[in-house]
Amino acid sequence: MDLHWQLLTFIVCLQLLRSAGFILQPEVRKCSYGHIDKLLRIRCYDLDLKEVPQNLKTSVEVLDLSHNRIRRLKTSSFQRYTDIKFLMLYDNMILSVEVGTFESLTSLQEIDLSNNGLTTIPLELFQLPRLRNLYIDSNELTSLNLQALEKPIRAPLEYLNVAGCELQELPDLGILPKLWQLNASMNPLENFRIDSLANMCHLQVIDLTKSQLSQCGCQQVTNHLMMLGASPKFVPVCLEALDNRVCPLPYNRTIHSPTFASCQTTLQFAETRSFWLFGAGCFGGVCFVLLIVIFCVIHCRRKRAQRRKRNAQKRKPFVISPRNAINNRQPEDEPLHCDTARK
Ligand SMILES: *[C@@H]1O[C@H](CO)[C@@H](O)[C@H](O)[C@H]1NC(C)=O
Ligand SMILES: *[C@@H]1O[C@H](CO)[C@@H](O)[C@H](O)[C@H]1NC(C)=O
């Protein structure tokens, strides 16, 4: 009997402890909302997420999904969030991306996909009209195939990071008139060709450290960058100066090549076009304002005239003093209204 009682007490205590434990259990961590530079930011950083959450505010502009366990991106992953401008997906386990996942993100300016398990770059990223910065470093881009890429790409890429991606050569994305920084460090680059730099006519910084660049490749890159006025800071130091016969100057394949010229004209064309568009826009705007002003003036005048006429009609019996009337009066005039009124 006593033992029975003790057992019962024990069980009750256990139950109590368990329910207390249940109460003390850490509450489920949620994404946090905030603002950065007036942009709506949602941080879902390090929450063990396995999928892109679908219950967030759809007007999110900065979405941080880094340090999670996302393995797959689906066509529906970002369909609700078309205002995203900055998307952080680094440090996940992304292995596959369905076609169409990023297609609706037409406001996207920057995406960070570094430290994932991608074996190729989703080609639709290169057609996003606002994408400026692409981080895809520390992936294994062993099946990167750019045959199907539509060139020139639409994305106005300014920064590209493909460091540590097992690349044998620089990816050929066609002309990249706005690209100013390329990070291709920690890649074997065994098939590097100096020609690939002809596509980047405004390159300022290129990181080729820890790549197995040949001595000639190294010398050619350095020569090219000097001609371009870009920084050779992150290019491995060439140990020996090679003879031009062994390692020809690269200019006819870079800055004097038709590719380089077309890269430059594209940007000039874009600039002139935007200048003209801007000019046309201004002109249109001014015309519109002028039209409104003219319309207003005419309309107001007419209104005022009408009002005056109406008022005059209304006021006639009262305003025209007999004296004015007499002053203006012609001998053969009809009798005055006030006279009439008085009658
Ligand atoms: C290039 O990328 C690697 C890896 O992300 C980074 O460690 C390195 O600092 C970058 N280089 C430059 C010049 O930013
Ligand atoms: C560049 O010049 C070298 C000789 O200086 C020549 O052998 C090579 O064919 C030229 N390349 C191109 C693409 O014109």
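For ligands, and for the atoms within them, numbers begin at 1 and follow the listed sequence. Along the sequence shown, residues carry numbers from 1.
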Requested in this report: Would you please test Phe260 and Thr254 for side-chain contact (heavy atoms from CB on, under 4.5 Å) and show each step?
Outcome: CA-CA 6 Å; Phe260 193 86; Thr254 57; 5.6 Å; no
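A donor-acceptor pair under 3.5 Å links the side-chain atoms of Asn145 to the main chain of Gln147, judged by distance alone. No donor-acceptor distance shorter than 3.5 angstrom exists from the side chain of Thr101 to the backbone of Val97, with no hydrogens or angles considered.
Counting heavy atoms under 4.0 Å from ligand 1, residue Asn161 touches it through the side chain alone.
Atom NZ of Lys151 has more than 12 heavy atoms from other residues, nucleotides or ligands within 6.0 Å. Other residues, nucleotides and ligands place no more than 12 heavy atoms under 6.0 Å from the CE atom of Met226.
Remark: ligand 1 atoms within the under-4.0 Å shell around heavy atoms of Met186 are 3 (C), 4 (C). Counting the atoms of ligand 1 from 1 in the order shown, those under 4.0 Å from a heavy atom of Asp207 are 1 (C), 10 (C), 11 (N), 12 (C), 13 (C). Residue Phe234 has at least one heavy-atom neighbour below 4.0 Å for each of these atoms of ligand 1: 13 (C). Those atoms of ligand 1 with a heavy atom of Asp137 less than 4.0 angstrom away are 4 (C), 5 (O).
For the pair Gln181 and ligand 1, a heavy-atom separation below 4.0 Å is found.
Asp195 places none of its side-chain heavy atoms less than 4.5 Å from the side chain of Leu197.
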Could you go through ligand 2 and list every pair where one of its N or O atoms sits under 3.5 Å from a protein N or O, giving the atom names and the distance to one decimal?
from: ligand 2; atom 1: 2 (O); to: Asn252; atom 2: ND2; distance (Å): 2.2
from: ligand 2; atom 1: 11 (N); to: Asn252; atom 2: ND2; distance (Å): 2.8
from: ligand 2; atom 1: 14 (O); to: Asn252; atom 2: ND2; distance (Å): 3.3

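An N or O contact shorter than 3.5 Å links Asn183 to ligand 1 by distance.
Applying the salt bridge (Lys or Arg N to Asp or Glu O under 4.0 Å) definition to pairs two or more places apart or across chains, those involving residues 82-106 are Glu61-Lys85, Arg72-Glu98. For residues 223-250, the pairs satisfying salt bridge (Lys or Arg N to Asp or Glu O under 4.0 Å) are Asp243-Arg245, with sequence neighbours left out. Listed by first and then second residue, the ring-ring contact (aromatic ring centres under 6.0 Å, His included) pairs involving residues 129-157 are Tyr135-Tyr159 (not counting sequence neighbours).
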